[in-house]
Amino acid sequence: MVTKKAPPAPNPKAVVDLEKTKRAAKVHGNPAIASCAASEPFMRVPYGDEYDFVESVHVLKERIKEVQSGDMSGMEAMLVGQAHALQQVFVALMRKGYAQEHLKQYQTHMNLGLKAQAQCRATIQALTELKYPRQVVITKQANFAQGHQQVNNSAHPQENAMAQNELLEVNDGSQTMDIGAAARTGRKNKELATLEQSTGAKTAQGKAASSKNAYKGGGVGKIARIAKGASGHPESTCRNAG
C-alpha cells in the first residue's frame, strides 16, 4: 500500500516576509507617501530636523480628501503660490544674467529665466481653467456639410425666424410687391393680337422665292456676300458704309 506524503509545514519566516512585501507594496503605491518621499530631500534643506515625514503624509492625505470631496481651494492656493515662486525665479535669473560678462553664461541665464516665465504663465492658465472651467457645448446636429453650416439649438426656434420676403413688402407688410405684374399700357406699348402660326408659303411664286432664299443662306448668305464683296472691292465697302 502506497502512503501519501504529508504536505510540508508552512515556514513562518516565509509568511512574515510575504506580509512585509504586501505592506511595502501598499506603502510605495500610496500617492501621499510617494509624494512626501520625493519632496523630503528638498524639505530638509530649509527645515532641517524640524521636518516630520509622518506628519507631512497625514497633511497630504487630508488635502487629497478635500479635493476628492470637491473642495479645490487648496489646489487654487497651491497654484497661486507656484506662480509667485516662478515669478521670483524669473526675476532672479534675469538680473543674474544681465550681470554676466560672457555670452555663454549670459545666454544660459536668460534661457532659464524665460523658461521660468513660461512655466509661470502655464501655471496661471491652469489656475484660470480650474477657477473658471470652459463651458462644453453639445450640439444636437451633426455637421455633415462640406462648407459652413449654421446650427440653431434654441429651445424656441420660432423666436429666431425671419421673414424671407421682407424686402418685397411695403406698408409694414400690408401689401406685397409683385415683380411679375403686367406693365402699364402706353403709346408705344399697346396690346397686339396674337398672330396665327405660319405654315409657310402657299402660292407657287412664294414657294419659289422661299426656296431661292433658303438656297442662298438667308440672312447668313447675305452677310457672306457682303463680306466677299468687301474683300474684293474696298470702294464698294466704303460706299455701303456711307
Side-chain angles (χ1 to χ4, degrees), residues 5-140 142-143 151 153:
K5 294 182 179 181
N11 188 359
K13 185 177 181 181
V15 175
V16 173
D17 292 341
L18 181 60
E19 294 295 331
K20 187 177 180 181
T21 304
K22 289 183 179 180
R23 288 196 300 268
K26 291 182 179 180
V27 168
H28 290 297
N30 191 306
I33 297 177
S35 178
C36 291
S39 60
E40 181 182 9
F42 300 95
M43 298 300 296
R44 289 196 180 277
V45 174
Y47 297 103
D49 295 336
E50 296 180 1
Y51 177 77
D52 189 350
F53 180 83
V54 178
E55 187 64 25
S56 299
V57 172
H58 289 311
V59 172
L60 187 56
K61 285 184 177 181
E62 293 178 358
R63 296 286 179 86
I64 293 175
K65 290 181 180 179
E66 292 176 358
V67 174
Q68 291 175 346
S69 62
D71 185 7
M72 303 298 293
S73 58
M75 295 295 100
E76 293 176 2
M78 182 185 67
L79 290 175
V80 172
Q82 290 179 359
H84 280 281
L86 289 169
Q87 171 67 10
Q88 298 302 323
V89 173
F90 165 73
V91 174
L93 288 172
M94 288 292 106
R95 291 175 60 88
K96 193 172 183 179
Y98 179 78
Q100 301 299 318
E101 298 180 357
H102 300 282
L103 179 61
K104 186 177 181 179
Q105 287 78 4
Y106 176 85
Q107 186 176 4
T108 300
H109 286 83
M110 288 295 176
N111 289 338
L112 292 175
L114 292 177
K115 287 183 179 181
Q117 187 270 341
Q119 291 298 324
C120 180
R121 178 193 57 80
T123 304
I124 295 174
Q125 183 177 0
L127 177 62
T128 304
E129 293 180 358
L130 179 64
K131 188 71 174 179
Y132 307 101
R134 297 180 181 180
Q135 298 294 333
V136 179
V137 179
I138 301 176
T139 59
K140 299 179 182 179
N143 188 4
V151 178
N153 292 322

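We count residues from 1, following the sequence as given.
- Put simply, the side chain of Gln100 gets close to the backbone of Lys96: a donor and an acceptor are under 3.5 Å apart.
- Nearest heavy atom pair, residue Val57 against residue Ile33, reads CG1-CG1, 3.8 Å.
- In Arg44, the CZ atom is crowded: over 12 heavy atoms of neighbouring residues, nucleotides or ligands sit closer than 6.0 Å.
- Atom CD of Glu55 sits about 13.5 Å away from atom CD of Glu50, to the nearest 0.5 Å.
- Defined by atom type and a distance below 3.5 Å, a donor-acceptor pair is missing between the side-chain atoms of Ser69 and Asp71.
- Gln82 contributes atom CD, which lies 11.5 Å from atom CD1 of Ile124 (distance to the nearest 0.5 angstrom).
- Pairing each heavy atom of Leu79 with each of Thr123, the nearest pair is O-CG2, 3.4 Å.
- No donor-acceptor pair under 3.5 Å is formed between the side chain of Ser35 and the backbone N or O of Ala32.
- Annotation for Cys36 and Leu60: closest pair SG-CD2, 4.0 Å, computed over non-hydrogen atoms.
- With values rounded to the nearest 0.5 angstrom, Glu66 atom CD is found 6.0 Å from Ser73 atom OG.
- At least one side-chain heavy atom of Glu76 sits less than 4.5 Å from a side-chain heavy atom of Leu127.
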- Start with the C-alpha distance between Met110 and Leu93, add both sets of side-chain angles, then the distance that settles side chain to side chain contact (heavy atoms under 4.5 Å, CB included), and finish with yes or no. CA-CA 7 Å; Met110 288 295 176; Leu93 288 172; over 6 Å; no

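- The closest side-chain heavy-atom distance from Lys61 to Asn30 is below 4.5 Å.
- With a 4.5 Å cut-off on side-chain heavy atoms, Ser39 and Tyr51 count as touching.
- For Asn111 (side chain) and Gln107 (main-chain N/O), a donor-acceptor pair under 3.5 Å exists by modelled atom type.
- The neighbour count for Glu129 CD, taken as heavy atoms of other residues, nucleotides or ligands under 6.0 Å away, is above 12.
- Counting heavy atoms from C-beta on, the side chains of His58 and Val54 come closer than 4.5 Å.
- Atom NE2 in His109 sits 13.0 Å away from atom CZ in Arg95 (nearest 0.5 Å).
- The side-chain heavy atoms of Met94 and Tyr98, taken from C-beta on, include no pair separated by under 4.5 Å.
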